[in-house]
Structures are given as C-alpha cells and as structure tokens.
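Quick notes on the structure that follows.
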Amino acid sequence: MSLPARVLFVGGLGRSGSTLLELILAQHPDVCAVGEVVHLWERALGGDERCGCGERFTGCDFWQRVGEHAFGGWSALDRAEVLALKAQVDRTRFVPRLARGRLPEEQLGPIRRYADLYTRIYRAATEVTGASLVVDSSKHASLAFALRWAEDLDLRVVHLVRDSRAVAYSWAKQVRRPEVVDTEAYMPTFSPFTVSGLWTAQNAAFHLLATRAPVLRLRYEDFTADPRGTVRQVRTFAGLDDTPDALRVLDDPPVPPRPFHSIAGNPLRFSSGPLRVRQDNAWQAALPPRSRAVVSAATLPLRLRYGYVGRRRPNSGEAP
C-alpha cells in the first residue's frame, strides 16, 4: 500500500504572506507548491487562467499531467458537479459541523467525496514531480476542516497570522490579477469592518482546527524578521530534512527564484527577479485613523492573543 499523500496546508486570511512562504518552500525539489487549489475549479478549469509558470492552465504541461494522473484527464470531471459539491461542503458557516468528532454518513459522504478530489490532485502532484510534500496555500479554514476527514491524507497546517490593521490596509488596495489574460481583472477590495470580521472568523477557526489536526502558528512579522529560521521550522514541522539547499533563494547576493506551478495567489508568484524578504509596514503611515480605530477595536481579543497589543513588534518601529 502507498503512503498517504503528505500535504502542508497554509491557512489564514489572505494578504498575510502565504504566497511568499510558499514561493520560498517551492525552491527545493522535495516540495511541490501548487498555489490555491481551492480556486482551481473556477479559475483554472473555468477561466483557463495563467499558472505561476506563465502558461495558461490548458497549456501547462504540469497541470495537464496532474489531471491525467488524478482523474484520467480534466475532461473526466463534471465541473458543475464539483462546484455543487463545493457549495455543499466548503463554506465558513459549515466549520462548526466540520469540526465535530463524528458525523452521520449522509453528511460525511459529501465531505469525503470533496476531500478526495484534493487528495487525488496532491497525490498526482507528487507522482509527477517526485516531491515528498505538496504545499497548498488555499488558506480557507473550511477547506482545511474538510481535508481532515480525508481517508488517505497526511495533513499538516501552517496557520499564518498578520496584524489585522496591515491586512485591512492591504485589502483596501486595488491589485491587478496578472493571471487573467483576456481582460483586465482585479482582486476584490473590502472595507475595514468587513476585513475585521473575516480576519477574526478565519483565525478563530484555525484555533479550533488545532484541536483536531497538527497546526503550527506563525506570525508574518516573525517570518519576515527571520525567514531562514521560519522556513527551517516549517520544513521540520512538515517532516522534511533540514538542508542548506532549501534556503539558497535567501542567500546574499540573492538567487532568482525558480517559477512554480501555482493556481491563484499573490502577483508575487510571477516575479522573476531576485527575492528579498522584508516586512511591509506601509499601513502604519497610510492606514487612515478612522480605519485603524475600527479594525483595532473589532479585532482586539485576537490581537491581544497574538501579541500585537502592549509590546513592540519585530522591525516595526512602532509600539501598538
């Protein structure tokens, strides 16, 4: 019998550094990073958007081989059925049910069918590349909870946290989506109040997940302050060897990162120049006072828990 597919799921709210972490991890051949697989059904199969390698999904040899290994070809899937199954299983409002210790068969069946789609993709990715670990940066807590019910999956989760005020500032900016080829498209924007609710809900859900699955919590601020130490910690958590080759992209002078085959994610995945890890603190000067006050108050309980209140953050130059 083959071993379960080993997957490192990067969770949290978007704009917290997941693409950067994934990009660094992807530089060693024992890791196959695949981006945000949760968006594959709409953006890749539906929109034929560009992979992180630069090719459109239908023109990317990696993804076509994954489809063959996983399903006998992507055309073998009924995308409408997959999207209906996703709507039945993969929603934040379903997290309380997904977190239970036991489920009746009528609820468990659809969850396992949905999780099996991802398990097949992960296993196919390791077969195509020979990697030991697949990194999925889908981030959605509901998907992570669904995956814990998979029957043949070694699931490990990195919960990536960033100061809620920085996240709110980032989600207010208009960011172009370079993976969309035929038209000009932008990532959605959200109000500070909406971001506060999303940030609280997603992070709280990963606290709950930690009672059901292996979860490593990391702060974006600590990651950017010590990327080498963080990557070593993540690789150890994922069961990978501690090898200096895995950190070559962080050498000085920096080595240009190799592209990886990612579905969706931050536009950073299309960068071809040398990688320099630095903490983005633009929000400290640019976030309007009213927005800062709204987010600070609405997210106070978890900001306290994560150490964003009452002490100076690494490399920030500001006492919260």
Side-chain angles (χ1 to χ4, degrees), residues 10-27 33-60 62-63 79 83 86 135-140 143 160 162-199 202 220 223-224 227 249 254 256-288 291-292 295:
V10 183
L13 188 60
R15 312 296 175 89
S16 297
S18 61
T19 301
L20 176 60
L21 176 62
E22 185 181 32
L23 188 154
I24 296 173
L25 290 169
Q27 300 309 304
V34 290
E36 301 175 9
V37 185
V38 70
H39 296 303
L40 183 147
W41 322 111
E42 295 99 334
R43 298 185 184 181
L45 290 179
D48 197 20
E49 295 182 358
R50 286 202 302 155
C51 167
C53 71
E55 297 288 339
R56 296 184 80 140
F57 181 76
T58 52
C60 175
F62 168 80
W63 281 110
R79 194 173 74 91
L83 291 175
K86 180 181 178 182
V135 177
D136 181 349
S137 60
S138 289
K139 290 185 283 296
H140 295 193
L143 174 55
L160 195 57
R162 188 181 184 187
D163 191 313
S164 55
R165 296 164 295 182
V167 175
Y169 171 69
S170 185
W171 277 112
K173 295 189 294 184
Q174 193 173 60
V175 178
R176 188 175 179 275
R177 294 180 56 214
E179 64 268 29
V180 179
V181 178
D182 298 325
T183 186
E184 197 168 79
Y186 294 85
M187 293 182 177
T189 57
F190 297 112
S191 71
F193 184 77
T194 298
V195 172
S196 297
L198 294 172
W199 187 88
Q202 286 295 310
Y220 162 87
F223 164 39
T224 52
V249 72
R258 66 175 186 173
F260 64 105
H261 297 284
S262 55
I263 296 294
N266 190 286
L268 171 68
R269 63 201 177 99
F270 292 105
S271 300
S272 57
L275 178 67
R276 297 183 183 276
V277 178
R278 63 177 182 82
Q279 188 173 146
D280 181 2
N281 286 320
W283 70 271
Q284 294 178 3
L287 185 65
S291 297
R292 183 189 295 246
V295 178

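It should be emphasised that the depicted structure is a prediction, and the values quoted were computed from it without experimental measurement.
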(request) Answer yes or no: is there a side-chain heavy-atom contact under 4.5 Å between Cys51 and Trp63? (result) yes

(request) Look only at the side chain of Trp283 and the backbone of Arg292, and say whether a donor-acceptor pair between them is shorter than 3.5 Å. (result) no

(request) Give the C-alpha distance, both sets of side-chain angles, the deciding distance and a yes or no for side-chain contact (heavy atoms from CB on, under 4.5 Å) between Lys139 and Val38. (result) CA-CA 9 Å; Lys139 290 185 283 296; Val38 70; over 6 Å; no

(message) Check whether Ser138 reaches the backbone of Val37 with its side chain - one donor and one acceptor, N or O, closer than 3.5 Å.
(response) yes

(message) I need the full list of ring-ring contact (aromatic ring centres under 6.0 Å, His included) pairs touching residues 166-185, with sequence neighbours left out, sorted by first then second residue.
(response) Trp171-Phe190

(request) Would you give the length of the straight line joining atom CG of Leu21 to atom OH of Tyr220, rounded to the nearest 0.5 angstrom? (result) 12.0 Å

(message) Tell me the closest heavy-atom pair linking Val195 and Val167, and the distance in Å.
(response) CG1-CG1, 3.9 Å

(request) For Ser196, check side-chain contact (heavy atoms from CB on, under 4.5 Å) against everything at least two apart and list the hits. (result) Val295, Ala298, Thr299

(request) Quick one: pull up CG in Leu40 and CZ in Phe57 and give me the separation to the nearest 0.5 Å. (result) 4.5 Å

(message) Restricting to non-hydrogen atoms, name the atom on Ser16 and the atom on Leu160 that form the minimum distance, rounded to 0.1 Å.
(response) O-CD2, 3.2 Å

(request) Any chance you could measure Thr19, atom OG1, to Ile24, atom CD1, to the nearest 0.5 Å? (result) 11.0 Å

(message) Working to the nearest 0.5 angstrom, can you tell me the gap between Asp136 CG and Ser18 OG?
(response) 10.0 Å

(message) Going by side-chain hydrogen bond (donor to acceptor under 3.5 Å, both in side chains), name the residues that satisfy it together with Trp41, two or more places apart in sequence or in a different chain.
(response) Tyr118

(message) Please find the pair of heavy atoms, one from Gln174 and one from Tyr186, that lie closest to each other, and give the distance.
(response) CG-CD2, 3.4 Å

(request) Inspect the surroundings of CZ in Phe193 and state if more than 12 heavy atoms from other residues, nucleotides or ligands are less than 6.0 Å away. (result) no

(message) Tell me the closest heavy-atom pair linking Met187 and Asn266, and the distance in Å.
(response) CE-CA, 4.1 Å

(message) Which residues pass the salt bridge (charged side-chain N to carboxylate O under 4.0 Å, His left out) test with Glu55, not counting sequence neighbours?
(response) none

(request) Determine the minimum heavy-atom distance between Thr189 and Ala172, stating which atoms define it. (result) CG2-O, 4.0 Å

(message) Tell me every residue that passes side-chain hydrogen bond (donor to acceptor under 3.5 Å, both in side chains) with Gln202, counting only those two or more places apart in sequence or in another chain.
(response) Thr92

(request) Enumerate the residue pairs fulfilling salt bridge (charged side-chain N to carboxylate O under 4.0 Å, His left out) with a member in residues 257-270, sequence neighbours excluded, ordered by first and then second residue. (result) Glu179-Arg269

(message) Any non-hydrogen side-chain atom of Glu49 less than 4.5 Å from a side-chain atom of His39?
(response) no

(message) Are Val34 and Ile263 packed together at the side-chain level, in the sense that at least one heavy-atom pair is separated by less than 4.5 angstrom?
(response) no

(message) To the closest 0.5 Å, what do you measure between CD (Glu36) and NE2 (His140)?
(response) 7.0 Å

(request) Output all residues satisfying side-chain hydrogen bond (donor to acceptor under 3.5 Å, both in side chains) with Ser170, sequence neighbours left out; order by chain, then residue number. (result) Arg15

(message) Going by the rule side-chain contact (heavy atoms from CB on, under 4.5 Å), which residues pair with Pro259 if we only count those two or more places apart in sequence or in a different chain?
(response) none

(message) Please enumerate all residues that pass salt bridge (charged side-chain N to carboxylate O under 4.0 Å, His left out) together with Asp280, with sequence neighbours excluded.
(response) none

(message) Thr58: which residues meet the side-chain hydrogen bond (donor to acceptor under 3.5 Å, both in side chains) condition with it, sequence neighbours left out?
(response) Asp48

(request) Compare every heavy atom of Arg43 with every heavy atom of Ala264, then report the nearest pair and how far apart it is. (result) CB-NH1, 3.5 Å

(request) Name all residues meeting the ring-ring contact (aromatic ring centres under 6.0 Å, His included) criterion together with Phe260; count only those two or more places apart in sequence or in a different chain, and write none if there are none. (result) none

(request) Please list, chain by chain and in numerical order, all residues satisfying side-chain contact (heavy atoms from CB on, under 4.5 Å) with Val181, sequence neighbours excluded. (result) Arg50, Arg56

